Amino acid sequence: MTPKQKRILVVDDTIDNILVLREILLDEYTVIAASNGSDALAIASNDPKPDCILLDVLMPGMDGYEVCRRLKANDETRNIPVLFVTTLSDEEDESRGLELGAVDYITKPIRPAVVLSRIRNHLNLKEYQDHLMDEVEKRTKEIVKMQDVTIYSLAALAETRDNELSGHFRRTQHVSEILAHDMTKHPSYLDFFRKISVDILCKSIPLHDVGKVGTPDHILFKPGRLTAEEFEVMKLHTVHGRDILQRAEDVLNHDSFLSLASDIAYTHHEKWDGSGYPQGLSGESIPISGRIMAVVDVYDALISNRVYKQPMPHSKAVEIILEGRGAHFDPTIVDIFMAHKEEIRKISLEFADCDSEREALQA
């Protein structure tokens, strides 16, 4: 954008003052004007927005301070530089304007060279700040993309050991998202979701069974019931998953989403009453992420086709989840699950892996 294309909004209830500023600015900028605060706010909110605002303080009705306060309270206009142009020259007046978010304070009578110089400086500073924000946004997108690739790669690693996991990953992600969105409104989970976003939680969900890469084939793919000894080996997938993800995080050398994924992998088989594994945790000592995954994983296991079982009808799976309320599962999470059971059924149907699963979900 060339300087001529930059739009300067001049706000003053005295037309002569607008004309003076217009004469000073017109050679370099496009000048638009408003004679009161309400019009100024409307113009600033419309596209194309002004690149800078010269704002009088002493205006009838809504004064310049209130206009500035409203501009800075609005996400659409808060980044537009505001320069007060006023006869007020007390330090207290200037301080009040700057505290409201104005970037400069120009006193009348107006000196053309000063006005032009200050506008140029603030427009250049705004361009630099915008460039920095664009770079931060670009880097953030790159980090998120790297994070997504890491998750995909590790989840794909688990899928190579069990090709039935493809739909399982998608179903558990979407069902977890439904539960998590409701949980963000519940007092018991507020602290957790202040630190962890729903998006990061759901992205970590596919890593819950990554530890199965360490489970021997004869156990992982056994069509019949596992022996007690074999089940002990199977239970180690929670430990393997935690260790894999912790080692990956150690390479990063700082806390990351992998810490959350590690918690999920390690604790999603814990039970509310303490009878789960690998640690035998109970109640609120189980990480919230593990509690969510416990409900989601059991439901999905019940409705899924596996080498050792046929898929269970949705209604029966829901009954089993409800029976586990307060024993296997966090009671509040079960209540949220029950409130969304039909939505969960539709998601499971959408990402079903085979006809037998679809038939069971539609039964």
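This is a predicted model, so every value here is computed, not measured. Heavy-atom basis, side chains included; hydrogens, waters and symmetry copies ignored.
- Screening Lys346, Arg345, His340 for a side chain to side chain donor-acceptor pair (under 3.5 Å) with Glu342, the sole residue that qualifies is Arg345.
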### Task
Tell me, with the steps shown, if Arg22 and Asp12 meet salt bridge (Lys or Arg N to Asp or Glu O under 4.0 Å).
CA-CA 12 Å; Arg22 183 177 183 277; Asp12 199 306; over 6 Å; no
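- Side-chain contact between Leu83 and Leu55 is absent, with no heavy atoms from C-beta onward closer than 4.5 Å.
- The existence of a salt bridge linking Arg118 and Asp104 is confirmed by a sub-4.0 Å separation between a basic side-chain nitrogen and an acidic carboxylate oxygen.
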### Task
Evaluate the criterion side-chain contact (heavy atoms from CB on, under 4.5 Å) for residue pair Lys341 and His314; output intermediate values, then yes/no.
CA-CA 9 Å; Lys341 60 184 179 182; His314 168 76; 4.2 Å; yes
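- Side-chain N or O atoms of His131 include none that pairs as donor or acceptor with a backbone N or O of Glu127 at under 3.5 Å.
- By the 4.5 Å heavy-atom criterion applied to side chains, Leu201 and Phe193 are counted as neighbours.
- Looking at Ser289 and Ile196, their side chains never come closer than 4.5 Å, going by heavy atoms from C-beta outward.
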### Task
Start with the C-alpha gap between Arg291 and Thr267, add the side-chain angles, then the distance that decides, and say whether side-chain hydrogen bond (donor to acceptor under 3.5 Å, both in side chains) holds.
CA-CA 8 Å; Arg291 287 183 246 164; Thr267 65; over 6 Å; no
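- Atoms CG and CZ, from Asp273 and Phe329 in turn, are 10.5 Å apart once rounded to the nearest 0.5 Å.
- For Glu284, the CD atom counts as loosely surrounded, since its 6.0 Å shell holds 12 or fewer non-hydrogen atoms of other residues, nucleotides or ligands.
- Nearest heavy atoms, Lys222 versus Arg225: NZ-O, 3.1 Å.
- A donor-acceptor pair is defined here as one N or O able to donate and one able to accept, closer than 3.5 Å; no such pair exists between the side chain of Glu177 and the backbone of Val198.
- The hydrophobic clustering, which links ILVMFWY residues whose side-chain heavy atoms are closer than 4.5 Å, places Ile219 and Phe231 together.
- Within the 3.5 Å criterion, the main-chain N or O of Asp39 finds a donor-acceptor partner in the side chain of Asn36.
- Within 6.0 Å of atom CZ in Arg78, more than 12 heavy atoms from other residues, nucleotides or ligands are found, so the atom counts as buried in its surroundings.
- Put simply, OG on Ser348 and CZ on Arg358 are 12.0 Å apart, with the number rounded to the nearest 0.5 Å.
- There is no path of hydrophobic side-chain contacts, each under 4.5 Å, that joins Trp272 to Tyr189.
- To the nearest 0.5 angstrom, Leu258 atom CG is 8.5 Å from Ser262 atom OG.
- Under the 4.5 Å side-chain criterion, counting only non-hydrogen atoms from C-beta, Val296 is not in contact with Gln173.
- Ring to ring, His208 and His168 are close: their centroids are under 6.0 angstrom apart.
- One finds no salt bridge joining Asp250 and Arg247 here, because no Lys/Arg side-chain nitrogen approaches an Asp/Glu carboxylate oxygen to under 4.0 Å.
- At a threshold of 4.5 Å between non-hydrogen side-chain atoms, the residues Lys235 and Glu232 count as touching.
- Ring geometry for Phe351 against His174 counts as parallel: the plane angle stays under 30°, on a 0 to 90° scale with 60° as the upper cut.
- Applying the 6.0 Å contact sphere to CE of Met338 captures more than 12 heavy atoms from other residues, nucleotides or ligands.
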### Message
Checking Ile333 against Ile292 for the side-chain contact (heavy atoms from CB on, under 4.5 Å) test, could you report, in this order, the C-alpha distance in whole Å, the side-chain angles of both residues, the deciding distance, and whether it holds?
### Response
CA-CA 7 Å; Ile333 296 177; Ile292 295 170; 4.0 Å; yes
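- A distance-only check finds a donor-acceptor pair linking the side chain of Ser285 to the backbone of Ser282 [under 3.5 Å].
- Within 6.0 Å of atom CD in Glu23, 12 or fewer heavy atoms from other residues, nucleotides or ligands are found, so the atom counts as exposed in its surroundings.
- Judged purely by atom type and a 3.5 angstrom limit, Lys49 has no side-chain atom pairing as donor or acceptor with the backbone of Arg7.
- Annotation: side chain of Asp56 is not in contact with side chain of Val11 (no heavy-atom distance under 4.5 Å).
- Looking at Arg242 and Asp263, no side-chain N of the basic residue comes within less than 4.0 Å of a carboxylate O on the acidic one, giving no salt bridge.
- Of the possible donor and acceptor atoms, none in the side chain of Glu135 sits under 3.5 Å from a partner among the backbone N and O of Leu132.
- Residues Thr77 and Arg70 have side chains that never bring a donor and an acceptor to within less than 3.5 angstrom of each other.
- Across every non-hydrogen atom of Asp182 and Ile336, the tightest pair is CB-CG2, 3.6 Å.
- Listed for the Thr14 side chain is no donor-acceptor partner under 3.5 Å among the backbone atoms of Asn17.
- Of all non-hydrogen atoms in Leu9 and Ala40, the two that sit nearest each other are CD2-O, 3.8 Å.
- Hydrophobic clustering, with ILVMFWY side chains joined whenever heavy atoms are under 4.5 angstrom apart, groups Val298 together with Phe337.
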### Query
Please walk me through it: do Asp199 and Lys203 pass salt bridge (Lys or Arg N to Asp or Glu O under 4.0 Å)?
CA-CA 6 Å; Asp199 181 58; Lys203 284 181 177 181; 3.4 Å; yes
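- Using a cutoff of 4.0 Å between basic side-chain nitrogens and carboxylate oxygens, Lys126 and Asp130 are scored as salt-bridged.
- Between the side chain of Ser197 and the main chain of Ile200, a donor-acceptor pair closer than 3.5 Å is present.
- The shortest heavy-atom contact between Pro81 and Val103 is CB-CG2, 4.0 Å.
- One distance of note links CG of Leu349 with CD1 of Ile347; it measures 11.0 Å at 0.5 Å rounding.
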### Glu66 and Arg69: CA distance, side-chain angles, deciding distance, salt bridge (Lys or Arg N to Asp or Glu O under 4.0 Å) verdict
CA-CA 5 Å; Glu66 178 61 16; Arg69 187 192 67 77; 2.7 Å; yes
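- One hydrophobic cluster holds both Ile320 and Leu322 under the rule that ILVMFWY side chains link at heavy-atom gaps under 4.5 Å.
- Counting all heavy atoms, side chain and backbone alike, Ile43 lies closest to Ala33 at CD1-O, 3.6 Å.
- Contact of the Tyr105 side chain with the Thr86 side chain is registered, since non-hydrogen atoms from C-beta on lie closer than 4.5 Å.
- The line from CD1 of Ile8 to CG of Leu54 is 6.5 Å long, rounded to the nearest 0.5 Å.
- Hydrophobic clustering (ILVMFWY, side-chain heavy atoms < 4.5 Å, transitive): Met234 and Tyr266 are in distinct clusters.
- Listed for the Lys72 side chain is a donor-acceptor partner under 3.5 Å among the backbone atoms of Ile80.
- Heavy atoms only, all atoms of each residue included: Ile53 and Ala44 are closest at CD1-CB, 4.2 Å.
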### Query
Under the salt bridge (Lys or Arg N to Asp or Glu O under 4.0 Å) criterion, do Arg120 and Glu28 qualify, and how do the steps go?
CA-CA 10 Å; Arg120 289 189 201 108; Glu28 294 189 30; 2.6 Å; yes
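- Residue Asp51 holds its CG atom at 14.0 Å from NE2 of His122, rounded to the nearest 0.5 Å.
- Side-chain contact between Phe84 and Cys68 is present, with at least one heavy-atom pair separated by less than 4.5 Å.
- Between His328 and His269, the distance from one ring center to the other does not fall under 6.0 angstrom.
- Looking at Glu357, its side chain does come within 3.5 Å of a backbone N or O of Asn305 through a donor-acceptor pair.
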